[in-house]
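Report on the structure given below.
What you see is a predicted model, and the numbers here were worked out from it, not measured in a lab. In the text below, chain A, chain B and the rest are named by the order of the sequence lines, each starting its count at 1.
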Amino acid sequence: MEELRKTYNPKEVEGKIYKLWEKSGFFNPDKLPKRHKKPFSMVLPPPNVTGTLHMGHALTVTIEDIIIRYQRMLGRKTLWIPGTDHASIATETKFLKESGVRKSDYGEKRQEFIDLVNDFALKNKDAILKQLRSLGASLDWSRLAFTLDKKRINAVEEAFIKMHPKKGEGIIYIGLGKVVNWDVKNQTAVDDQEVEYEVCKDKLYTFRYSKDFPISISTTRPETKVGDTAVAVNPRDKRYRQYIGKKYENIKFVGVNLSIEIIGDPSIDMQFGTGAVGITPYHSKVDEEIADRHGLRKIQVINGVDRMNHNAGILEGLKVDEAKERVVEWLRSNELLEKEPEEIEHNKPKSQRSGGKIEYLPHRNQFFVSVSKPIPERKTKTLKELLSDAVKSGKIKIFPKRFEKVYLNWVKNLRDWSISRQIWYGHRFPVWYVPPAPTGDDLDYIVSRTKPGQGYEQFKDTLDTWFSSGLWTFSTLGWPGKTKDLKKYHPTYVLETGYDIIFFWVARMILMSQFLLGEIPFKTVYLHGLVRDEQRRKMSKSLGNVIDPLDMTAKYGTDALRFALIFNTAPGADSTISEEKIKGMRNFANKVWNATRFVLQNTKSKTQNPKYKTSSKDKTNLQKLKKLVKEITRDLESFRFHRAAERLYHFFWHYYADKVIEDYKKGLVSKALLFKFHETLIKLLHPFMPFITEEIYQKLPIKNKKTCLMVENWPK
RNA sequence: GGGCGACUAGCUCAGCGAUUAGAGCGUCCGCCUUACACGCGGAAGGCCUCAGGUUUGAAUCCUGAGUCGCCCACCA
């Protein structure tokens, strides 16, 4: 037998071992040995093709690979599906930023532009797939998927049509003039979830529209006031009660004729400002809701390119910021300002993706998924109800449990999902119209996979990227086809992902699966936290504190990185990673390696004829080992991966190495026991440190050895 | 405004009802003891944020306070 080197060298092991696994075919459940019967399935959260993998991905892969390897060893028919996400808006934004390409140069050459983004995406995709392999992920590559490949495009179209068979039907509708969050920088609408709020100091202006207007109002956005159609007060407010119902016509405000109705609405806070709010229905979501409640007129005064439009009178053509100054000047010179502007803290909306300004404005042909329309095929329940039922009923369990509350609270406040994006890279709508472009009030369109006839053009917009990821658990299994995979592996068993995408992704998968299949997409959701640096900061390029997982695996080995990631990492809690921690785990890997050397050196010579009698210590040692197996198994069953890892680390080093091996040297324990310990520990460690344990397994003289440790029986 | 989490060794964190409270990294002393210096032996270091309560027993459960952080809603 060859001598093991003194220190473990992951470089000469990992590539070789991964090939061995791939060659075995055991990543694919169809090729697993007979004993693997009961299916166990999971999808990998498809990484965005915006770049390469970071520590967060590495943690995801580590946890999921631990789960799948454990289940495989238990004897389940394990399927873990790999894939990547086209991430339409994120990828397009990133591409524009990195390439310097200007979209405006491609006005009529949409396909050319898409090809460029595609190239960019493909390059990243290849890198990602390589990285996944190098992290040791035992994914079934034969089922590799991409959210924008042919099969998934088919699934998306099918889903859309099921949700919206034709104009006026289903749960998708076009929001004619519904206010959207408009990302001025990216020139697209985005969903509520993609809007972030930044606290900043702003000026609150208090004024009247005109000298004879009875009520003064406060606002941080005076320029929008040319679009006001009402002033709302609280009906209980004694100061204003007598005005409710009155109408003031022909108010001259910055050269615009305003017509303002005084309305009473209980949502108005009497304490804030003057207790009266100027209602701007087309440039505020809250105002829009109030306007709908009271049947108010709506006037758009700001356009999509950050300028005032033709309804803004003398402000027309001005940039929004300029218009603001102009209005303030006008108010001053007309002595309408009640007092000097106050500095207040204000939450300013901005786009999570582009970092640019969000302007609320009406959009003519924006598609929405209604979350509150009763669905006949689902016992007239609404999506909202389906979403909350899935978790409330206990069909889906979220772990850690506290996230169930977070989820349910979110569902409670959920508004319709805005799914149209004015982005080019992504899924097209199976929706057609006859040009000129649909800007009319009554838009005519046809829902169809293919061109419905002469003169039709397809909708220019693309779908929110989460629309396709929402289908992931079943689109990867062949849906809408009635495939064997779908029957066997859906619902999936565990959905493991970061808590930061519980709404974006987890909720959307539940939504899609409930609507389209009438079943849950997974039984358990396991959420992990953010991976931070040693000082608990988020890793970011601008901070320069990014630790690249591949650098670390190259330096210390994949097993060391994986162990460091899971060590001391509680479920749902943010964790930290540092080079020092990884180094420590590299040392552990080396400890495992050298214990193996010791065992091999002591077994190779006279293994045939072991004369070791069971010693007094053997019995207690065996009990200890048995207890450990029980604990590790329990930890894994209850998703306490960190505890299992910590236990294993401690047991291996401070019990097995420090006590058992030392006792063996003194002749206090038998060789059989030593070997039993080693074999068992290697198996228990395998899900966590797959490479080194597999390498060791291949070298150990074990009876009835299998092709690889990966399919060995989990110790009992 | 609503909700959630954290506060444990110098640092980062496990532990969440019961024997002298743990790990990684760091610190100090001594060792190349033929598996391992990516190591071995030893040591220092903790009123487990504070105040009440429940309990035979609390870092662990309950109540309250303080500090920090996160999420959701968005306030004109």
Base, sugar-phosphate or nothing for [X]? Non-hydrogen atoms, less than 4.0 Å.
{"X": "A:Thr596", "result": "nothing"}
{"X": "A:Phe403", "result": "nothing"}
{"X": "A:Lys583", "result": "nothing"}
{"X": "A:Ala570", "result": "sugar-phosphate"}
{"X": "A:Ile217", "result": "nothing"}
{"X": "A:Ala564", "result": "nothing"}
{"X": "A:Lys665", "result": "base"}
{"X": "A:Phe503", "result": "sugar-phosphate"}
{"X": "A:Arg643", "result": "sugar-phosphate"}
{"X": "A:Lys591", "result": "base"}
{"X": "A:Arg402", "result": "sugar-phosphate"}
{"X": "A:Ile661", "result": "base"}
{"X": "A:Gly584", "result": "sugar-phosphate"}
{"X": "A:Gln271", "result": "nothing"}

Reference residue [X]; test ring-ring contact (aromatic ring centres under 6.0 Å, His included); the match among [options]:
{"X": "A:Trp466", "options": "A:Trp417, A:Phe504, A:Phe503", "value": "A:Phe504"}
{"X": "A:Phe641", "options": "A:Phe567, A:Tyr526, A:Phe563", "value": "A:Tyr526"}
{"X": "A:His678", "options": "A:Tyr656, A:Trp593, A:Tyr664", "value": "A:Tyr656"}

I'd like the [atom1] distance from [M] over to [N], given in whole Å.
{"N": "B:G17", "M": "B:U55", "atom1": "C1'", "answer": "9 Å"}
{"N": "B:G53", "M": "B:U60", "atom1": "C1'", "answer": "15 Å"}
{"N": "B:A14", "M": "B:G22", "atom1": "C1'", "answer": "7 Å"}
{"N": "B:G30", "M": "B:U67", "atom1": "P", "answer": "47 Å"}
{"N": "B:C4", "M": "B:C75", "atom1": "P", "answer": "24 Å"}
{"N": "B:G39", "M": "B:C47", "atom1": "P", "answer": "30 Å"}
{"N": "B:A43", "M": "B:C7", "atom1": "P", "answer": "29 Å"}
{"N": "B:C11", "M": "B:U27", "atom1": "C1'", "answer": "12 Å"}

Among the candidates [options], find the nucleotide nearest to the side-chain atoms of [X].
{"X": "A:Glu646", "options": "B:C71, B:A14, B:A35", "answer": "B:A14"}
{"X": "A:Asn587", "options": "B:G24, B:G39, B:C36", "answer": "B:G39"}
{"X": "A:Asn568", "options": "B:A23, B:C40, B:A35", "answer": "B:A23"}
{"X": "A:Met585", "options": "B:C72, B:G24, B:C75", "answer": "B:G24"}
{"X": "A:Gln601", "options": "B:A14, B:A35, B:G26", "answer": "B:A35"}
{"X": "A:Phe567", "options": "B:A73, B:A23, B:C36", "answer": "B:A23"}
{"X": "A:Ser284", "options": "B:A35, B:C25, B:C75", "answer": "B:C75"}
{"X": "A:Asp658", "options": "B:G5, B:C40, B:C38", "answer": "B:C40"}

Would A:His642 and A:Asn568 satisfy side chain to side chain donor-acceptor pair (under 3.5 Å), going step by step from the backbone distance to the final call?
CA-CA 6 Å; A:His642 63 304; A:Asn568 250 334; over 6 Å; no

Should the side chain of A:Arg597 and the base of B:C36 be counted as holding a donor-acceptor pair, with the cut-off at 3.5 Å?
no

Looking at A:Lys581 and B:C25, is any side-chain donor or acceptor paired with a base atom of the opposite kind under 3.5 Å?
no

Is it true that a side-chain atom of A:Trp505 and a backbone atom of A:Pro45 form a donor plus acceptor pair closer than 3.5 Å?
no

Taking the inter-plane angle between the rings of A:Phe207 and A:Tyr209 on a 0 to 90° scale, is it parallel (under 30°), tilted (30 to 60°) or perpendicular (over 60°)?
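Ring orientation, 0 to 90° scale: perpendicular.
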
Looking only at heavy atoms, which two atoms of A:Thr382 and A:Val371 are closest? And how far apart?
CB-O, 3.4 Å

